[in-house]
Amino acid sequence: MVTQTFEEISPADFFYRNRDIAGFTNPSRAIFASIRELVENSLDAAEYVMIPPDVYVRLSYVGEASPESAIYKLRVMDNGSGIPPQHIPSAFGQVLFGSKYKLKQTRGTFGLGGTMSVLYGQITTHQPAFIASSTGISKIYMYKIMIDIQKNRPLILDRKIILNKERWRGTVIEYSLEGDYIRAMPKILEYLKQTALVNPYANITFVDPRGRLYKFMRATTKMPPAPQETLPHPYGVDVETLQRLIRFTRCNTMQEFMKTHFHRVGELTASKFLTFAEIPASKSPKKLKREEIVRLVQNMKRFKEFLPPDASCLSPLGEELLRTGILKELKPEFTAVRQRKPSTYSGHPFIVEVAIAYGGNIPQKGDFILYRFANRIPLLYDEASDVSFRIMKGINWRRYKISPDMPIAILVHICSTKVPYKTVGKEFIADRPEVKREILNGMREVARDLQHFLSRQEHVERERKRLGVFSKYLPKIAQFATKLAGRQEPPDIKKLLDKVKTIEENE
Ligand SMILES: Nc1ncnc2c1ncn2[C@@H]1O[C@H](COP(=O)(O)OP(=O)(O)O)[C@@H](O)[C@H]1O
Ligand SMILES: [Mg+2]
């Protein structure tokens with residue numbers, strides 16, 4: 001008889017076996033993903049304390065690993081919040097451990113990226129990771145850790161505490177990993193450039209293995225307002241969430257419960273809803289039976305009178321900052337930027353920002369260049385699967401007198417507490433009708449702006465030509481006419497030319 005063995009694996013073990021789904025597919029993708037995850041942590045950390053981020057990334061060559069890959073040392077340093085000392089080992093040594101499970105907009109979501117980077121480094125080089133961090137207190141904590149993958153726990157190899165005389169605040173992480181920088185280089189540089197574009201208030205420095213220095217300097221110190229933490233909206237709640245809320249609530253009545261734990265539910269809405277769901281307002285939430293909980297969730301989705309979620313938990317870039325970023329990194333001749341009104345899908349609020357950039361340094365590629373962003377992260381892979389790509393392809397651009405052979409870039413930024421990514425690798429966004437509608441309308445608006453700009457430009461060009469003809473022939477005509485009339489002095493044509501000019505300027 002064949003006997004089966006059953007065993008349990010830890011989350012770290014799961015991601016060790018399935019690195020692909022977190023984006024660590026091969027040496028080239030892995031080095032890209034590592035830099036990206038750590039840069040995102042640094043940006044999140046600086047924004048958390050509302051300080052314009054200073055992120056320093058250094059990748060240095062250590063030695064050859066195989067014909068296609070090498071060992072590198074990666075160091076990322078920031079001026080962000082720092083990590084409380086007791087959490088430093090777990091922050092980088094435990095998968096699914098983090099501070100961003102709250103309902104508000106952040107780049108990180110799963111408590112995965114930083115640890116995955118360290119884990120990948122460990123399994124490819126067998127070296128520990130070094131982390132130093134301080135929250136700005138009198139001490140800096142330094143750790144040398146490895147990950148016990150089977151247990152999903154950090155192993156602390158060494159710990160040092162030094163005095164922080166300068167009250168430095170931030171985090172440094174350094175570890176070795178195997179990668180293919182040569183192949184990853186274009187993507188990494190593109191990633192940094194686009195990150196600089198949607199974070200125009202950040203300084204990002206990158207020193208690559210060849211010693212080349214790339215600097216993306218901030219163009220402003222203005223930052224978008226920090227997102228507020230929010231409560232779940234009734235439309236987005238499932239049975240599990242509701243059960244958890246019931247377990248920890250201190251409310252004694254359903255009326256109180258609805259008001260306390262749900263987003264935008266006040267006295268009136270709560271009582272209307274409870275009547276609709278046929279649940280007594282005075283009933284204790286702890287007394288709800290299982291079937292009642294299931295029915296409550298179903299009714300939450302059916303009830304039409306909940307107010308839509310507000311967008312205070314979101315932190316879109318805003319038109320001014322997006323324009324600053326575009327002008328700084330893309331240097332176009334013209335740009336139009338639109339922020340759409342907040343909207344929701346399945347109870348999750350989101351905001352779409354769309355921009356178009358034309359001419360100047362935008363290359364002419366035979367097709368539009370599409371830049372996609374989600375929660376201020378550039379998305380660089382799997383473009384053709386992304387909702388924005390398909391919408392862009394579906395628009396009849398000729399209506400706006402725009403064609404793909406023009407130097408045009410289109411930018412789409414989606415912010416949400418829950419970006420509808422299709423994978424944990426955070427590469428492309430799924431089609432949701434609500435999201436689609438906002439992107440489509442945004443693209444149409446900026447397309448119209450560009451159309452106006454182009455037709456104005458065409459008009460000015462025509463006028464310039466007309467004036468050119470006048471100023472070329474008028475003196476000749478004047479001379480000829482003088483001769484014909486037998487006069488000595490030609491008439492003053494300057495007045496006439498000025499008149500033509502002012503007509504054009506006033507138009
Ligand atoms: N540079 C950093 N500065 C401050 N905190 C950090 C930094 N990097 C990671 N952390 C902390 O470690 C946690 C885990 O990071 P990570 O594994 O990347 O997951 P996520 O970013 O999805 O939460 C974060 O939630 C954050 O609390
Ligand atoms: Mg992260």
Side-chain angles (χ1 to χ4, degrees), residues 10-12 14-16 19 21-24 30 32-58 74-122 129-137 140-143 145 147 149 152-154 168-175 191 195 199 202-205 226-227 229 374-378 416-419 421 423-427:
S10 76
F14 173 80
F15 284 106
Y16 161 64
R19 314 191 259 291
I21 59 177
F24 292 73
F32 169 80
S34 304
I35 290 179
R36 169 186 156 160
E37 293 294 351
L38 297 175
V39 168
E40 275 158 26
N41 283 350
S42 293
L43 294 172
D44 271 343
E47 282 172 24
Y48 182 71
V49 284
M50 282 304 273
I51 297 282
D54 276 321
V55 186
Y56 172 86
V57 183
R58 191 184 70 198
L74 175 61
R75 181 182 174 90
V76 179
M77 183 162 85
D78 65 57
N79 61 341
S81 60
I83 307 169
Q86 70 276 23
H87 294 313
I88 295 173
S90 291
F92 292 102
Q94 192 173 341
V95 166
L96 307 185
F97 175 93
S99 58
K100 303 174 198 165
Y101 294 114
K102 309 241 163 62
L103 266 185
K104 71 175 184 182
Q105 177 188 328
T106 51
R107 295 177 180 79
T109 41
F110 306 107
L112 187 65
T115 311
M116 258 325 274
S117 312
V118 171
L119 187 147
Y120 181 83
Q122 176 173 323
F130 166 85
I131 299 133
S133 189
S134 178
T135 51
I137 50 174
I140 298 175
Y141 292 79
M142 298 172 156
Y143 281 90
I145 65 157
I147 305 170
I149 297 176
N152 189 28
R153 284 285 176 273
W168 169 74
R169 198 198 55 239
T171 302
V172 182
I173 168 156
E174 184 173 293
Y175 65 99
Y191 167 78
T195 301
N199 302 272
N203 272 348
I204 304 172
T205 310
E229 198 183 326
N375 289 357
R376 284 182 239 152
I377 304 179
S416 180
T417 43
K418 193 169 184 328
V419 174
Y421 292 118
T423 62
V424 285
K426 298 192 274 197
E427 296 300 357

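All values below were derived from every heavy atom in this structure, side-chain atoms included, with hydrogens, water molecules and symmetry-related copies excluded. Predicted model, so just to flag it, every value in this text is computed and none were measured. Read the numbers this way: they start at 1 and go in the same order the structure lists the ligands and their atoms.
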Atom 22 (O) of ligand 1 has as its nearest protein heavy atom G111 N, 2.8 Å
Ligand 1 versus D78: contacting region, heavy-atom distance under 4.0 Å: side chain
Among all protein heavy atoms in this structure, tell me which lies nearest to atom 15 (O) of ligand 1, with the distance rounded to 0.1 Å. N41 ND2, 3.9 Å
Please report which non-hydrogen protein atom sits nearest to atom 13 (C) of ligand 1, along with the residue it belongs to and the distance in Å to one decimal place. G98 CA, 3.7 Å
Would you indicate whether F97, at its atom CZ, is surrounded by more than 12 heavy atoms from other residues, nucleotides or ligands within a distance under 6.0 Å? yes
Give me the nearest non-hydrogen protein atom to atom 27 (O) of ligand 1 as residue plus atom name, then the distance to 0.1 Å. S99 OG, 2.5 Å
Close approach, Y101 and ligand 1, non-hydrogen under 4.0 angstrom: no
Distance to 0.1 Å, residue and atom name: give those for the protein heavy atom nearest to atom 21 (O) of ligand 1. K100 NZ, 2.8 Å
Which atoms of ligand 1 sit under 4.0 Å from any heavy atom of L112? 16 (P), 17 (O), 19 (O), 22 (O)
Using a 3.5 Å distance criterion without hydrogens, assess whether the side chain of T417 forms a donor-acceptor pair with backbone atoms of L103. no
Using a 4.0 Å heavy-atom cut-off, which part of F97 comes near ligand 1: side chain, backbone, both, or neither? backbone
Whether G80 lies under 4.0 Å from ligand 1, heavy atom: no
So for ligand 1, is D44 a polar contact partner (N or O within less than 3.5 Å, distance only)? no
Could you tell me, atom by atom, which parts of ligand 1 come under 4.0 Å of a heavy atom of T115? 17 (O)
Tell me whether ligand 1 is touched by Y48 - counting only heavy atoms on the residue side and a distance under 4.0 Å. no
